[in-house]
Amino acid sequence: MRLRVTTDQPWDVPADVLVIPIVGEPAFDGPLGEIDRRASGELKALEAFGELRTKRFTSSIAASGGVRAGRLLTVSAGPAGDVDRELVVRIGSAALHRLAGRHAASVAVWLEPLSAALGGDPVAVAGLIARGVVEGTFDPKTLYKDDVPTAPPAIDELVLVAPAAANVAALTAAAERGVIMGEGTNLTRSLANRSANDISPEVLAEEAYTLARKHGLWIDVLGPEKATELGMGMFMAVGKGSDNPPRMIVMRSGKKGELDASGRHLAIIGKGVCFDSGGISIKPADRMEEMKMDKTGACTVIAAIATVARLAPGTPLLAVAPAVENMPGPHSSRPGDLVKALNGKWVDIINTDAEGRLILGDAMTYAERLGATHLVDVATLTGAVSRALGDLVTGAFGTDQAWTDAVLGAGVRAGERYWQLPLVDEYVIEMESWYGDVTNTGGSEGSLVKSGLFLREFATTPWVHLDIAGTAYYRKAKPWAPRGATGASHATLVELALAGAAPAA
Ligand code: BES
Ligand code: MN
Ligand code: ZN
């Protein structure tokens, strides 16, 4: 896709479609009025007809008359006061979704209305819109099939129509980064959407190898022998239950233990359960097919380190992705099994379906051994988080408030929503094990908090846990995204790592 930034008037920009964001009520007394006049009053006519509405994500397509673009596409953003970074990304994506099945090879987006609503920051809007447009081209149906007539157009040119006074070089740079960010989201999604018969832990590791070679990252993949030898008892307790052997995927940019510009060595750790049947504590059949998505955290960290390598090569960053299949069988762990974690704690497996925390705990210990000073894990960890927060807000836990604030701040820059939940110390007693040190589940009350408390047992440095079980995939399409993997938290992890990138010379 070619990218072009122009300060020409929106009506002078040649493209198949001109995207017109409508913020609040359409104001026909400014440039929107000029677009409408040149389009022979089409927009006002649509408004009068009731088709151009102000409700967020409603859209309309109009003939363009004397405007140079072939068609006008309005996409409503709702009230100006509610426009934030997340919404700007989604407006870009929603525009592409509205064009699904249409012949639009070049798309121009008029940035002014969004820039004004976002506090007059056209550079930020350029980056967010570029990312949103790229994310909007993603269609999971094209993963297995070539001919999908309903897919959004694979556009070959994006033109960003900037305010006259804008700094074109700065906007272009931001938009180029936005494109790379969006490609990373889509990489996360295309890995996560793949089915379990297609992407085993071994295949996920091969994908990681391919990306590492492509982007010059160091990579090491541990198989069952090495993991057992090191003492990763929790990781192996889950991994040994499947014929598809487990893989501990470790990727790095920069040097081992090297501190970044913020004085940290960040590790991003992602849950990679390629299929979660529940194991011996088997899940009910209803919606079990969704459990192919249980590897999304791993896909996210693998894609995020690749994105960081593209945007700021050499930035110190470690990615650890424990990949397993959680299956019932003669080699599976049983409820009541005691296993020794890599950090030496004895863990009492009460429920084999609480497997994510087992593999993550050992991955966290391993990340610290490899020199990480700050940890963030991302995992489809609990059904409880989606009951609490739904599919639009990721749950966050953290041991160190300054570090938690740093992660949540990256989330704001990325335009992704988080809600911090408490690690309630008193509940720890409900996870005491009779035989060992800790149980992997502790009753259904507060089970979301307890999932965080369990993971905390394996962090000795500042650590944040992001539970994306609700946000990792949509069960139904949204105006800005198809059903399936969303790529949630990829952008946050990239923003977080980039905070430690060496300042540009
Ligand atoms: N992978 C699931 C969590 C999940 C549920 C993700 C629904 C996405 C949608 C996780 O491994 C799991 O099974 N969690 C259990 C924990 C329980 C056994 C304490 C859960 O949430 O029920
Ligand atoms: Mn499970
Ligand atoms: Zn799981």
Side-chain angles (χ1 to χ4, degrees), residues 192-193 196 199 201 204 234-235 237-239 241-242 246 269-300 321-328 332-337 347-363 377-395 397 421 427 430-431 433 438-455 457 465-476 483-489:
N193 277 328
I199 193 159
L204 187 59
M234 294 197 295
F235 173 65
V238 184
S242 171
I269 300 158
K271 171 178 174 181
V273 178
C274 292
F275 189 76
D276 181 11
S277 71
I280 298 298
S281 314
I282 197 159
K283 288 182 180 293
D286 192 41
R287 289 194 172 156
M288 207 207 270
E289 75 282 2
E290 290 182 8
M291 287 305 111
K292 70 173 191 175
M293 308 300 259
D294 211 23
K295 62 184 179 301
T296 305
C299 303
T300 310
V324 298
E325 231 179 44
N326 189 22
M327 297 290 278
S332 303
S333 294
R334 293 139 294 226
D337 280 3
V347 175
D348 195 345
I349 301 178
I350 301 300
N351 189 321
T352 66
D353 197 12
E355 83 297 339
R357 57 195 77 179
L358 298 174
I359 65 170
L360 287 166
D362 278 345
D377 81 80
V378 48
T380 49
L381 204 69
T382 66
V385 82
S386 63
R387 281 190 291 278
L389 301 176
D391 58 7
L392 298 179
V393 182
T394 294
F397 291 91
L421 298 152
Y427 300 162
E430 294 177 47
M431 302 188 76
S433 163
V438 62
T439 58
N440 75 330
T441 61
S444 58
E445 296 87 3
S447 65
L448 175 51
V449 171
K450 288 168 185 167
S451 70
L453 289 172
F454 181 86
L455 288 175
E457 298 286 324
H465 162 56
L466 304 176
D467 192 339
I468 57 166
T471 49
Y473 58 94
Y474 292 147
R475 292 194 167 124
K476 285 194 302 195
R483 176 183 153 156
T486 60
S489 79

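Both counts, for ligands and for their atoms, begin at 1 and track the order of listing. For this chain, numbers begin at 1 and follow the sequence in order. Note: hydrogens, waters and symmetry copies are ignored here, and every other heavy atom, side chains too, is used.
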Open item on the list: Salt bridge or not between Lys271 and Asp294? Use side-chain N to carboxylate O under 4.0 Å.
Closed with: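 Here Lys271 pairs with Asp294 in a salt bridge, since their nearest N and O are under 4.0 Å apart.
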
Task: Heteroatom distance test (Tyr473, ligand 1): nitrogen or oxygen, under 3.5 angstrom - done: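 No, there is no polar N/O contact under 3.5 Å.
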
Task: Check: Asp276 N/O within less than 3.5 Å of ligand 1 N/O - done: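 Yes.
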
Open item on the list: Contact between Leu455 and Leu381 at the side-chain level, heavy atoms closer than 4.5 Å - yes or no?
Closed with: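 Answer yes - side chains close enough.
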
Open item on the list: Residue-level breakdown please: for Lys283 versus ligand 1, do any non-hydrogen atoms fall below 4.0 Å on the side chain, on the backbone, on both, or on neither?
Closed with: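 Side chain only.
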
Open item on the list: Suppose we only allow N, O or S atoms; which atom of Asp276 ends up nearest to the Mn ion (ligand 2)?
Closed with: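 It is OD2 of Asp276.
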
Open item on the list: Restricting to N/O/S atoms, is Ala379 within less than 2.8 Å of the Zn ion (ligand 3) or not?
Closed with: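 Not a single backbone or side-chain N, O or S atom of Ala379 is under 2.8 Å from the Zn ion (ligand 3).
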
Open item on the list: the Zn ion (ligand 3) and Asp276: any N/O/S contact shorter than 2.8 Å?
Closed with: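 A backbone or side-chain N, O or S atom of Asp276 is under 2.8 Å from the Zn ion (ligand 3).
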
Task: Of the listed options Arg357, Arg287, Met291, Glu290, closest to atom 8 (C) of ligand 1 (non-hydrogen atoms) - done: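 Ranked by closest heavy atom to atom 8 (C) of ligand 1, first place is Met291.
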
- [ ] Test Arg475 against Asp391 for salt bridge (charged side-chain N to carboxylate O under 4.0 Å, His left out), laying out the working first.
- [x] CA-CA 9 Å; Arg475 292 194 167 124; Asp391 58 7; over 6 Å; no

TODO: Taking atom OH of Tyr427 as the centre, report whether more than 12 heavy atoms of other residues, nucleotides or ligands fall under 6.0 Å from it.
DONE: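 No.
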
TODO: Using only N, O or S atoms, tell me which atom of Asp294 is closest to the Zn ion (ligand 3).
DONE: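 Nearest to the Zn ion (ligand 3) within Asp294's N, O and S set: OD2.
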
TODO: Determine which of the N, O or S atoms in Glu355 is closest to the Zn ion (ligand 3) and give its atom name.
DONE: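 Result for Glu355 and the Zn ion (ligand 3): OE2.
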
Task: atom 17 (C) of ligand 1 touched by protein (heavy atom, under 4.0 Å) - done: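 Protein heavy atoms within 4.0 Å of atom 17 (C) of ligand 1 - there are none.
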
